[in-house]
Amino acid sequence: MNKDKVRKQILNKMEGATQSDQKFFDLYVELFHLSEWNHADIVATTMNTTNEIPTAPIIFRALGEGKRIVVPRTLPNHQMEFVEMDHNLVFQQTRFGIWEPVAGSVVKSNKIDLMIVPGVAFNPQSKQRIGYGAGFYDRYLSHFKGYKVALAQEEQIISALDWKPENFDVKLDQIIYRG
Ligand SMILES: Nc1nc2c(c(=O)[nH]1)N(C=O)[C@@H](CNc1ccc(C(=O)N[C@@H](CCC(=O)O)C(=O)O)cc1)CN2
Ligand SMILES: Nc1ncnc2c1ncn2[C@@H]1O[C@H](COP(=O)(O)OP(=O)(O)OP(=O)(O)O)[C@@H](O)[C@H]1O
């Protein structure tokens, strides 16, 4: 199967899957136990959409532990930057339904310690991922030096045989999932 086919298949499966923070409790706990989490001062995550694992528990935990949180804003030419979440931050929904910061201060890639990477499909053995197909994360991660971790729902796990990674697909350091 090619990447597009795997992506469509998984997105179909996830359509209508019920989401609750409770369902992902074990994944959050595993994340919060990582030494990379504990040592991180600045954590990047996303404003999740309805089909994605909720990130609010991650954001609240991080802020509660005195960490700083940054979230992405997409730019022209499939570029992306990360903006710090603070009390003044204003969000606006893009035409893809993702909440993005309107202004706020941009934090450089080399300041981010831990990146929680979103995606559609994940292979925990090879640590490869498939995203939504626009290449925002592949581009950003190609020069990112921090720790890269993803949280995956059961429906998102694929095997090495399902698809062949391309040379620009960036491998993650770890995929947290419930098998
Ligand atoms: N919650 C969340 N936020 C996120 C991501 C994510 O996966 N999850 N992203 C992860 O990447 C970035 C946004 N990703 C996007 C992925 C695809 C399209 C998109 O499909 N756009 C156009 C085609 C764009 C093009 O190729 O020219 C379209 O379908 O019409 C837009 C944004 C940053 N924020
Ligand atoms: N480092 C890069 N530099 C330039 N173009 C890239 C880079 N990485 C990916 N691309 C381009 O982006 C497009 C989408 O890539 P791909 O299908 O791997 O996206 P994805 O993994 O689903 O998305 P994402 O990384 O945003 O989650 C491809 O056409 C690819 O050529």
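Keep in mind the model is a prediction, meaning the values are calculated, not measured. As the structure lists them, so they are numbered: ligands from 1, and atoms in each ligand from 1.
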Protein heavy atom at shortest distance from [atom]:
atom                    : answer
atom 28 (C) of ligand 2 : F168 CZ, 3.9 Å
atom 26 (O) of ligand 2 : F136 N, 2.7 Å
atom 11 (C) of ligand 2 : R139 NH2, 3.6 Å
atom 16 (P) of ligand 2 : K3 NZ, 3.3 Å
atom 20 (P) of ligand 2 : G131 N, 3.5 Å
atom 14 (C) of ligand 2 : G133 O, 3.3 Å
atom 21 (O) of ligand 2 : D138 OD2, 2.9 Å

Return a table of N or O atom pairs, ligand 1 on one side and protein on the other, at distances under 3.5 Å, rounded to 0.1 Å.
residue	atom	partner	partner atom	Å
ligand 1	1 (N)	M47	O	2.8
ligand 1	1 (N)	E52	OE1	2.7
ligand 1	8 (N)	E52	OE1	3.4
ligand 1	8 (N)	E52	OE2	2.9
ligand 1	26 (O)	H78	NE2	3.1
ligand 1	27 (O)	H78	NE2	3.2

Note to self: At less than 4.0 angstrom from any non-hydrogen atom of G135, what atoms of ligand 2 do you find?
What the structure shows: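 The list of qualifying atoms is 12 (O), 14 (C), 15 (O), 19 (O), 23 (O), 24 (P), 25 (O), 26 (O).
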Notebook entry, point to check: Of all the atoms in ligand 2, which lie at a distance below 4.0 Å from a heavy atom belonging to D169?
Noted result: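 With D169 as reference, the close atoms of ligand 2 come out as 18 (O).
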Heavy-atom gap [X] to ligand 2 smaller than 4.0 Å:
X    : answer
R129 : yes
H78  : no
G119 : no

Notebook entry, point to check: Looking at I53, L27, I116, which one forms a side chain to side chain contact (heavy atoms under 4.5 Å, CB included) with I176?
Noted result: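 The side chain to side chain contact (heavy atoms under 4.5 Å, CB included) with I176 is passed solely by L27 among I53, L27, I116.
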Next item on the list: Check step by step if side chain to side chain contact (heavy atoms under 4.5 Å, CB included) holds for R139 and M80.
Entry: CA-CA 9 Å; R139 280 181 185 77; M80 178 171 74; over 6 Å; no
Notebook entry, point to check: Does the side chain of V170 reach to within under 4.5 Å of the side chain of F144, using non-hydrogen atoms?
Noted result: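 In short, these two side chains do not touch, never coming nearer than 4.5 Å.
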Check: Can you find a heavy atom in the side chain of I59 that is under 4.5 Å from one in the side chain of M85?
Finding: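 Yes. Closest side-chain heavy atoms under 4.5 Å.
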Next item on the list: Report the hydrophobic cluster partners of F25, with the cluster defined as I, L, V, M, F, W, Y residues connected by side-chain heavy atoms closer than 4.5 angstrom, directly or transitively.
Entry: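 In the cluster with F25 are V29.
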Notebook entry, point to check: Under 30°, 30 to 60°, or over 60°: which ring-plane class applies to F32 and Y28, parallel, tilted or perpendicular?
Noted result: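 Correct class here is parallel.
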Check: Quick check: does any side chain N or O of R73 sit under 3.5 Å from a backbone N or O of V102, one acting as donor and the other as acceptor?
Finding: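 The answer is yes, because a donor-acceptor pair under 3.5 Å joins these two groups.
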Next item on the list: Would you check if there is a donor-acceptor pair between the side chains of Q174 and Y147 at a distance under 3.5 Å?
Entry: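 Yes, because at least one side-chain N or O of Y147 sits under 3.5 Å from a partner of the opposite role on Q174.
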Note to self: Counting only heavy atoms not in K111 (residues, nucleotides, ligands), do more than 12 fall under 6.0 Å from its NZ?
What the structure shows: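 Open: at most 12 neighbouring heavy atoms sit under 6.0 Å from NZ of K111.
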Check: Should the heavy atoms of other residues, nucleotides or ligands under 6.0 Å from NE2 of H143 be counted, would the total exceed 12?
Finding: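 Enclosed.
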Check: Can you name the residues that form a salt bridge (charged side-chain N to carboxylate O under 4.0 Å, His left out) with E166, not counting sequence neighbours?
Finding: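 Result, salt bridge (charged side-chain N to carboxylate O under 4.0 Å, His left out) vs E166: K3.
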Next item on the list: Return each pair, listed once, that meets ring pair (Phe, Tyr, Trp, His ring centres under 6.0 Å) where at least one residue sits in residues 111-136; pairs must be two or more places apart or across chains.
Entry: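 Pairs touching residues 111-136 that pass the test: H78-F136.
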